[in-house]
Amino acid sequence: MAYDYGVIEKKWQERWVEAGLDKSERDDSKPKFMAIFAYPGVTGYLHVGHLRGYTYLDAIARYKRMTGYNVLFPVGTHATGNGGISLYRRISKGDEGTIDYLKRNGCTDEDLAKMKDPLSVIEFFNKVYQNEYWRRFGFLSDWRRFTCTLYPDYSKFIDWQFRKLNEAGLLIQKPYYAPVCPNCGPVAVDASETDISKGGKAETQEYTLLKFRHGDEFLIAATLRPETVYGQVCFWVDPETEYRKIRYNGETWIISPQATEKIKLQKDGVEEIGSVAGKDMVGWMCEAPMIHREIPVFPATFVNPDVGTGLVTSVPSDAPDDWISLEAIKKNPEMITKYGLSQEILDRTVPISIIEMKGYGEFPAKDIIDKLGITQPGDPKLLDAKHIVYKDGFHTGKMKDICGEFAGLRVQEAQEKMKQAMIDAGEADVFYDLTEEVVCRCGARVHIKRIDDQWFINYADPKYTQMTKDHCKNMELNPPEWSDNVYGVLDWFRERACVRLGNWLGTKFPYDDKWIIEAISDSTLYPVYYIISIYANERQIQPEQMTEAFFDYVILGRGDAKSVSDSTGISTELLEKIRKDVLYWYPLDLNLGGKEHMTVHFPAFLMNHVAILPEEMWPRGITVNWYITGKKDKSGEATKISKSKGGAQPIPGAAAKYGVDAMRLYYANVASMFVDVEWDEDTVMTYRQRADRIMLAVQDLINSESDAPKKDIDAWLISRFNNHLQNIRKVMDKNDLRAMTTIVYYDMFNDMKWYNRRGGNNRETITEALKIWIQCMMPVTPHIAEELWEQAGFEGLVSSNQLPEADTTKISLAAEYGENLLRDAMSDITEIRKIAGIDVKKIVLYTSAQWKKDVMNLALDMLKDGKLTIPDLTKACMAREDLRKNGKAVSSLAQKVAVEFQRSTVEQKLPLVETDECRLFTDAAAFLSEENGVPVEVYSADAEGIYDPQGKAKVAVPGRPAIYLE
RNA sequence: GCGGGGGUAGCCGAGUUGGCCAAAGGCGCUGGACUUAAGAUCCAGUCCUUAGUGGUUCAUGGGUUCGAAUCCCAUCCCCCGCACCA
């Protein structure tokens with residue numbers, strides 16, 4: 001279409017700034033509304049999906065603004081962690097993929113040249129987010145308050161926050177096993193792979209190390225199922241591996257080289273003292289823990305030196321790998337001779353049944369192997385077999401009598417108890433390992449390391465958990481399904497490691513500066529900081545002035561301005577002003593964030609507020625939004641539009657292609673905010689077309705020569721629009737932008753079209769309707785709204801206007817009923833024309849005879865008194881001379897009417913009897929005639945001598961005129 | 001396993017305090033109008049049947065009810081979270 005949305009967008013964004021709409025100041029005469037979206041992490045470009053939630057919030061904020069609120073909608077970014085560092089490293093190394101990705105998203109060589117350190121990379125993206133995303137999308141945020149977690153003033157705030165957490169008794173220390181990169185320190189291992197380049201799906205698993213005595217030495221096997229020790233019959237080594245001997249705790253252990261490296265990270269004083277070849281260990285006998293039986297060492301191909309200790313105890317009854325490998329070795333004479341094993345010892349090695357499981361026989365491992373059709377070692381299905389049998393065993397299994405004092409226990413219980421018993425007896429130890437290979441972004445392998453003095457925030461604290469749960473009952477939490485869930489989440493929330501070591505960007509931990517506060521912990525209380533950041537950004541206060549006393553005063557109201565002023569050098573006036581700002585803007589009314597926040601950020605956000613701030617400053621609302629996902633790939637699996645992979649369309653490109661308002665409308669209307677939506681360009685394009693269409697239609701209305709007098713249809717249109725206004729307020733009470741946009745961009749549009757089609761053309765009506773309509777467009781499509789507002793000649797900026805209340809005196813149910821009746825008649829005509837398939841030359845309408853209305857009136861009277869029944873109505877009808885003469889027709893109508901009216905309200909049925917249908921259709925005859933292209937005649941069934949060749953008139957009832965075509 | 005959500009017409013998706021629901025809206029498709037310009041717009045239709053009626057539907061099978069997409073039970077299937085990732 002002919003619109004250059006880019007020009008319109010720029011024009012109005014500038015006007016908003018000129019008008020100061022992006023600045024939020026305390027105004028005690030107005031109610032306030034403060035809202036944020038959970039700020040994004042700055043680790044690269046965002047994609048079109050991210051704008052969904054952000055756009056919701058701007059639209060909600062704009063709506064609040066036009067309904068009487070003083071709005072504060074600040075934005076910021078989160079840069080804590082190693083995202084900035086690793087991005088900078090890749091850029092400085094000239095990594096091709098990274099450079100290519102940056103350039104594809106609009107980064108220039110000039111920009112690249114400026115990226116001299118991690119902070120400059122982050123600052124570059126801070127600008128991109130603000131200018132190319134949020135400003136570009138027309139957000140009315142108060143940019144003066146922008147903050148980033150790496151700004152020195154923000155750090156002062158976090159420093160204070162942690163002092164307050166400590167005051168609340170929530171900081172605790174204990175040992176912790178963390179995934180660690182030798183170069184970068186602890187890393188986050190998760191599916192988003194922010195810190196790592198491989199292994200996002202890996203989990204940390206606790207293995208039990210079982211010690212098998214062989215002479216003075218111990219073979220160490222790692223197992224996830226310590227409860228199966230009673231079923232041990234042999235021991236597996238990888239004959240290809242050269243194992244290490246290590247000294248630990250006065251013992252000599254034999255484990256794989258890889259395990260040696262891992263174990264050094266978790267145990268102190270480990271010393272390598274020699275080695276032994278796996279093939280030489282075959283044929284050894286070793287003493288199994290707990291059962292104290294000598295079992296033989298056999299070779300196996302499935303043993304991986306990089307998993308666990310590289311040595312495996314064999315429980316064929318319950319481990320599919322063990323079963324199949326034992327079978328295989330028994331049938332392999334070559335192997336037997338190669339390693340000098342005796343047939344006799346093999347024959348003696350038979351599975352022992354130890355666990356009783358529902359749906360399984362004596363040897364669960366064998367059952368699952370047979371079921372899956374596995375015949376030899378190395379079959380990939382063995383992995384499934386293992387998972388199935390482990391899972392079923394864990395949940396349904398019971399230890400058999402053979403298991404000594406553990407007999408009869410459920411597997412879950414036995415696992416814990418047997419592990420502990422062996423540890424206590426010095427026959428076992430614990431060890432942590434990742435389930436798959438994890439590689440850091442720097443390229444080094446990640447392993448689990450023990451950290452002794454790890455700090456945690458104790459989110460398990462019962463007092464604060466309870467307080468938070470109680471508070472949630474008073475909050476507006478959306479969607480409601482999640483709000484039910486939140487109590488469970490809070491209960492489940494445990495201690496959370498809150499600091500980390502190594503090469504990280506972030507705030508130093510106030511009580512020990514070797515630690516850096518980690519990424520989630522410094523992003524929980526921050527909304528309150530937006531109230532203060534403006535003063536730091538404007539250099540009215542310096543970071544070093546932002547002491548504990550300063551925050552204590554402005555946020556908590558502790559101390560007095562005079563003494564804080566003395567200690568910080570900040571004027572008392574300014575301190576008091578900031579304090580008033582905090583009291584005015586807080587609590588936060590709405591925190592909106594993606595569904596990924598449900599179990600981590602939101603609970604932490606809540607608990608920090610509850611633990612640190614007084615009750616009147618606790619948040620009022622949280623809304624969770626779902627995602628825009630990537631297109632489904634061939635396997636049907638939905639792919640996230642990944643920012644690290646950079647496959648999605650860059651935001652500025654999409655904005656240019658579709659127009660910002662079309663995209664905003666797309667986000668708002670494409671689905672409920674509580675479902676995932678697949679990004680589809682064609683769909684966005686249809687919203688673009690809708691925007692075009694509406695602009696055109698409004699411009700036509702503005703430019704039309706409208707001078708027709710007011711008619712019924714004018715009252716109808718104004719009624720409809722006031723009705724819509726009422727509904728918009730109703731749905732927006734729940735921030736339901738989807739319902740709101742359906743009303744504004746579809747219903748209202750259709751009403752305008754219908755008004756026009758019905759010959760409505762009155763300037764005053766059009767102006768009144770347009771004014772309402774354009775205002776309603778402001779929250780979601782602000783640029784278009786401004787443009788049309790101006791073209792229509794309305795005063796000022798629509799963005800600073802107030803939405804009128806619905807004028808209920810103008811809502812006319814009768815008018816709306818009449819138009820619906822007409823439309824029903826039209827679709828009936830069309831229907832009959834289609835089915836009859838005749839060449840229509842004339843249409844005749846007959847409206848209902850008066851006596852039928854009389855029956856309905858009687859029914860209505862009875863309904864009002866709540867005494868409507870079929871016999872009563874029939875009697876009442878028959879009591880009237882004028883009705884009785886219609887004979888049987890009266891009683892049959894009375895029956896139908898009684899049944900139908902019983903289910904309705906008086907208001908619903910009133911128009912049926914009050915509408916003068918004959919007049920309505922007579923007035924509309926010309927219109928109907930024009931629409932159908934043939935003459936239309938209208939008669940009342942009561943009229944004398946009417947044209948009615950098929951006797952249709954008698955079937956007309958109120959609400960449904962009879963139709964005759966010829 | 002624990003916890004949560006869900007299965008609605010060709011598709012996407014509303015609707016779940018039971019009735020006004022053959023079920024919004026959009027897309028797609030079909031026919032027409034307009035016009036020759038466009039990823040256009042307007043009108044109509046789009047479960048089966050039918051002079052505007054009737055019939056069968058909202059994963060499947062039961063049940064409650066005068067009445068169920070909406071409530072209850074069972075079954076099948078799908079999705080999400082489970083932690084140091086914002």
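Lettering of chains follows the sequences in order, A, B, ..., and the numbering in each one begins at 1. As the structure is a computational prediction, the values presented were derived from the model and not from experiment.
Per the geometry, CD1 belonging to A/I694 stands 12 Å off P belonging to B/U41, to the nearest Å. Counting to the nearest Å, the C1' atom of B/A24 and the CG atom of A/N750 are 12 Å from each other. Rounded to a whole Å, the CZ atom of A/F37 is 17 Å from the P atom of B/A86. As a whole-Å value, the separation of A/E681 CD from B/C27 C1' is 16 Å. Rounded to an integer number of Å, the gap from A/N727 CG to B/G25 P is 16 Å. Note: CZ (A/R494) to P (B/C84) measures 10 Å, nearest angstrom. To the nearest angstrom, P of B/G52 lies 17 Å from CZ of A/R833. Atoms OH (A/Y964) and P (B/G52) sit 15 Å apart, rounded to a whole Å.
Of the nucleotides present, B/C82 is the one that pairs with B/G1 by Watson-Crick or G-U wobble criteria, both distances under 3.5 Å. Across all strands shown, B/G7 is found opposite B/C76 as a Watson-Crick or G-U wobble partner, with both distances under 3.5 Å. Pair assignment for B/C29: B/G45, on the basis of Watson-Crick or G-U wobble contacts that are both within less than 3.5 Å.
A centroid separation of 6.0 Å or more is found between the aromatic rings of A/W482 and A/F674. Taking the centre of each ring, A/Y154 and A/Y529 come in below the 6.0 Å mark.
Ring pair A/Y658/A/W679 is perpendicular by interplanar angle, where above 60° counts as perpendicular and below 30° as parallel.
In this structure, of B/G26, B/G39, B/G45, it is B/G45 that holds the atom nearest to the side chain of A/S827. The nucleotide whose nearest atom lies closest to any side-chain atom of A/I520 is, among B/G4, B/A86, B/G52, B/A86. Of the candidate nucleotides B/G26, B/G3, B/G52, B/G26 has the atom nearest to the side chain of A/T686. Side chain of A/Q689, nearest nucleotide from B/G13, B/A83, B/A40: B/A40. For A/R738, counting side-chain heavy atoms from C-beta on, the closest listed nucleotide (B/G81, B/G13, B/G4) is B/G13. For A/A671, whose side chain is taken as the heavy atoms from C-beta onward, the closest listed nucleotide among B/G52, B/G4, B/G13 is B/G13. Of all nucleotides listed (B/A14, B/C84, B/G26), B/G26 comes nearest to the side chain of A/Y746. Across B/A14, B/A83, B/U50, the shortest atom-to-atom separation from the side chain of A/V675 is found for B/A14. Comparing atom distances between the A/E596 side chain and each of B/C82, B/A86, B/A51 picks out B/A86 as nearest.
B/G4 and B/A38 are spaced 47 Å apart, taking the C1' atom of each and rounding to whole Å. One P atom belongs to B/G81, the other to B/U70, and the distance between them is 29 Å to the nearest Å. Between B/C72 and B/A83, the distance separating the two C1' atoms is 37 Å to the nearest Å. Comparing B/G63 with B/U57, their P atoms are spaced 14 Å from each other, to the whole Å. Nucleotides B/U65 and B/G18 are separated by 9 Å at their C1' atoms, to the nearest Å. B/G15 and B/A59: their P atoms are spaced 15 Å apart (whole Å). Here, B/A51 and B/C73 have their C1' atoms 46 Å apart, quoted to the whole Å. Spacing of C1' atoms, B/C21 relative to B/U8, comes out at 12 Å, to the nearest Å.
Among the protein residues, A/A519 comes within range of the sugar-phosphate backbone only, with heavy atoms under 4.0 Å from sugar or phosphate atoms but none that close to a base. Residue-level contact check: A/Y687 touches neither bases nor backbone, having no heavy atom under 4.0 Å from any strand. Contact annotation for A/E518: backbone-only contact, meaning every heavy-atom pair under 4.0 Å involves sugar-phosphate atoms and none involves a base. Across all strands shown, A/W482 has no heavy atoms under 4.0 Å from either base or sugar-phosphate atoms. Counting any heavy atom pair closer than 4.0 Å across all strands shown, A/M685 reaches a base atom. Nucleic acid contact class of A/N669 (heavy atoms, under 4.0 Å, all strands): none. Across all strands, A/H601 comes closer than 4.0 Å to no nucleic acid atom at all (heavy-atom distances). If you check every strand for non-hydrogen atoms under 4.0 Å, A/T80 touches nothing. A/K595 comes within 4.0 angstrom of no nucleic acid atom, judged by non-hydrogen atoms across all strands. Nucleic acid contact for A/E931: none, since no nucleic acid atom lies under 4.0 Å from a heavy atom of the residue. Heavy atoms of A/A825 sit nowhere under 4.0 angstrom from any nucleic acid atom. Among the atoms of the strands shown, none is found under 4.0 Å from any heavy atom of A/P480. Within 4.0 Å of A/Y176, counting heavy atoms only, lies at least one base atom of the nucleic acid. Here A/L965 lies in heavy-atom contact (under 4.0 Å) with a base.
Enclosure of atom CD in A/E930 is not indicated, since only 12 or fewer non-hydrogen atoms of other residues, nucleotides or ligands lie within 6.0 angstrom.
When the side-chain nitrogen and oxygen atoms of A/T742 are compared with OP1 and OP2 of B/A24, none of them lie within a distance under 4.0 Å. When the side-chain nitrogen and oxygen atoms of A/R960 are compared with OP1 and OP2 of B/U53, one or more of them lie within a distance under 4.0 Å. Note on A/K753: every side-chain N or O is 4.0 Å or more away from OP1 and OP2 of B/U41. Residue A/R693 places at least one side-chain N or O under 4.0 Å from the OP1 or OP2 atom of B/C42. OP1 or OP2 of B/A44 lies within a sub-4.0 Å distance of a side-chain N or O belonging to A/R757.
What you find for A/L434 and A/V446 is that their closest heavy atoms are CD1-O, 3.5 Å.
Annotation: cation-pi geometry not satisfied between A/K174 and A/Y176 (NZ/CZ under 6.0 angstrom from ring centroid, within 45° of ring axis).
Checked by atom type, the side-chain pair A/D692/A/Y5 shows a donor-acceptor distance below 3.5 Å. Side-chain polar atoms of A/N608 and A/Y526 form no donor-acceptor pair below 3.5 angstrom. Side-chain contact, A/Y687 with A/Q689: no donor N or O sits under 3.5 Å from an acceptor N or O.
A donor-acceptor contact under 3.5 Å is formed by the side chain of A/D828 with the base of B/G52. A donor-acceptor contact under 3.5 Å is formed by the side chain of A/D682 with the base of B/G39.
Between A/L224 and A/Q205, some side-chain heavy-atom pair lies under the 4.5 Å cut-off.
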